[in-house]
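Values in this document were obtained by computation on a predicted structure and should not be read as measured data.
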Amino acid sequence: MNDQVQRKKFSSSLLLFEFRNVTGNPYVHIFGIGMPVLLAVILGRVLASQIPNAEILSTAVTSIFLGTGAMIPLAIIFIGYAATYSQELEKGIPQRLELFGIDAGMTIINRIISELAFLVCSFVIYFAVGIFVLDIKAPTASGLIWYIVCIVVLGIISFSLAHAIALFFKKFGVVYSIVMMLYFGIMIVSGMMGISYEMLPSAVQAVARLLPTMYIQKDFADIWLGKGYNFMPMLQAYLFTGALSGILLLISLKRNARKVA
């Protein structure tokens, strides 16, 4: 009984420690909050100067705002966690934690919870700015629920992929270079950098269709407003990226286990 109580208290302390780690990472504030907010506001202002019709403008701004929001889990979890964890691996922190009886499973669970908690806080800030600065259409209940589910699942996939890359390469410089290239590559292919899906070459469009972020950027305004939508292509993209990140994570874990042994 005492062990269970002590373990519960220790878990709470570890969760708070991990949350402080997330909030103390400058990358998540720059790329996860600052950049999406700035980009959404700038693009919204640009559209306002080009579209005179208020109804069309509101729909276009809503689409841009929801699509740009997909940058937040990528930046906070994919870039931020990969950078933090690779630095910890370089310093041997996971091995030190194990010496104090903190197993890897408990650490990962607390890290996922802390990353998702900060993700929620970031979206609160993002939507607060959007509501006060931009003319965003109100969602249907189903549209809001679907958006939350899609963002949370994208965050979990980002965590798995970030953990796999960091564990495989273990060097901060290498890991940071890889995740930054993938981050900007995903944004470009998904249509978040001013190049729409329709403007991309057919080969690049084929790659874009494998990414959930493309569907969030391109189609989510329809889901947000409760319009009819075929979820199958988006679901297939989530399944593909989820399976890919899971396979890479398993490969990294097995490779790391062999080296430890």
Is there a donor in the side chain of Ser245 and an acceptor in the side chain of Ser160, or the other way round, less than 3.5 Å apart? no
Give a yes or no on whether the backbone of Arg209 and the side-chain of Tyr215 come within a donor-acceptor separation of less than 3.5 Å. yes
Within a strict 4.5 Å, meaning less than it, do heavy atoms of the Gln50 and Leu57 side chains meet? no
Between Phe240 and Tyr238, is the ring centre distance below 6.0 Å? no
Short side-chain to backbone donor-acceptor contact, Ser158 and Phe78, under 3.5 Å: no
Can you get from Phe184 to Ile79 by hopping between Ile, Leu, Val, Met, Phe, Trp and Tyr side chains that sit under 4.5 Å apart? yes
Test Met187 against Met35 for side chain to side chain contact (heavy atoms under 4.5 Å, CB included), laying out the working first. CA-CA 12 Å; Met187 287 202 301; Met35 189 173 175; 4.1 Å; yes
Gap between atom CD1 of Ile156 and atom CD1 of Ile151 - 0.5 Å precision: 12.0 Å
Whether Gln217 side chain and Met192 backbone form a donor-acceptor pair below 3.5 Å: no
I need the Phe123 CZ to Ile33 CD1 distance, nearest 0.5 Å. 10.5 Å
According to the interplanar angle, ranging from 0 to 90°, do the rings of Phe65 and Tyr126 count as parallel (below 30°), tilted (30 to 60°) or perpendicular (above 60°)? parallel
Would you check, one step at a time, whether the test salt bridge (charged side-chain N to carboxylate O under 4.0 Å, His left out) holds for Arg111 with Glu88? CA-CA 13 Å; Arg111 284 178 174 173; Glu88 291 180 358; 2.3 Å; yes
Shortest non-hydrogen pair, Leu200 vs Gln205, comes out as O-NE2, 3.2 Å
Please round to the nearest 0.5 Å and tell me the distance separating atom CH2 of Trp224 and atom OG of Ser63. 12.0 Å
Taking all atoms of both residues into account, what is the closest heavy-atom pair of Val22 and Ser114, and its distance? CG2-OG, 4.0 Å
Check step by step if side chain to side chain contact (heavy atoms under 4.5 Å, CB included) holds for Ile165 and Leu182. CA-CA 11 Å; Ile165 293 173; Leu182 289 174; 3.9 Å; yes
Are Lys171 and Gln87 close enough that some pair of their side-chain heavy atoms sits under 4.5 Å apart? no
Residue pair Val189 / Met214, side-chain heavy-atom distance below 4.5 Å: no
Going only through I, L, V, M, F, W and Y residues with side-chain contacts under 4.5 Å, is there a path from Phe220 to Ile56? yes
So if you build clusters from Ile, Leu, Val, Met, Phe, Trp, Tyr with side-chain heavy-atom gaps below 4.5 Å, do Ile51 and Val133 land together? yes
Check this for me: does any side-chain nitrogen of one of Glu55 and Lys137 sit under 4.0 Å from a carboxylate oxygen of the other? yes
Assess the pair Trp146 and Phe231: is the distance between their ring centroids shorter than 6.0 Å? yes
Among Ile112, Ile76, Leu116, whose side-chain contact (heavy atoms from CB on, under 4.5 Å) with Phe159 holds? Ile112
Rounded to the nearest 0.5 Å, what separation is found between the OH atom of Tyr176 and the OG atom of Ser86? 10.5 Å
Does some side-chain heavy atom of Val175 sit less than 4.5 Å from a side-chain heavy atom of Lys170? no
Rounding to 0.5 Å, atoms CD1 (Ile251) and CG (Leu167) come to a distance of 12.0 Å
If you compare all heavy atoms of Ala40 against all heavy atoms of Leu134, which two are closest, and at what distance to 0.1 Å? O-CD1, 3.7 Å
Run the numbers on Ile223 and Met234 for side chain to side chain contact (heavy atoms under 4.5 Å, CB included), then give the verdict. CA-CA 12 Å; Ile223 305 171; Met234 183 189 290; 3.9 Å; yes
Using 0.5 Å steps for rounding, measure from the CG atom of Leu66 to the CG atom of Asp222. 10.5 Å
Sidechain-backbone polar pair: Thr23 side chain, Arg20 backbone, donor-acceptor under 3.5 Å: yes
Give a yes or no on whether the backbone of Pro139 and the side-chain of Tyr147 come within a donor-acceptor separation of less than 3.5 Å. no
Looking at Thr213, Val207, Thr241, which one forms a side-chain contact (heavy atoms from CB on, under 4.5 Å) with Ile186? Thr213
Show the nearest heavy-atom pair for residues Ile64 and Leu47, with the distance to one decimal. CG1-CD1, 3.7 Å
Do Met180 and Ile30 land in one hydrophobic cluster if side-chain heavy atoms of ILVMFWY residues count as linked below 4.5 Å? yes
Ignoring hydrogens and geometry, is there a side-chain-to-backbone donor-acceptor pair from Ser58 to Asp135 under 3.5 Å? yes
Paired with Val129, the side-chain contact (heavy atoms from CB on, under 4.5 Å) test is passed by just one of Leu38, Val41, Val124, namely Val41
Any cation-pi pair here, Arg255 with Phe168, using under 6.0 Å and within 45°? yes
Minimum heavy-atom distance between Leu154 and Pro73, given as atom pair plus value: CD2-CG, 3.7 Å
Under 3.5 Å: donor-acceptor pair, side chain of Gln236, backbone of Leu210: no
Dump the intermediate steps for side chain to side chain contact (heavy atoms under 4.5 Å, CB included) on Thr140 and Leu225, then the final yes or no. CA-CA 6 Å; Thr140 61; Leu225 299 174; 5.6 Å; no
Transitively linked via ILVMFWY side-chain contacts under 4.5 Å: Met71 with Met181? no
Locate the shortest heavy-atom distance separating Ala82 from Ala166; write the atom from each residue and the value. O-CB, 4.0 Å
Check the orientation of Tyr183 and Phe31. Use parallel for under 30°, tilted for 30 to 60°, and perpendicular for over 60°. perpendicular
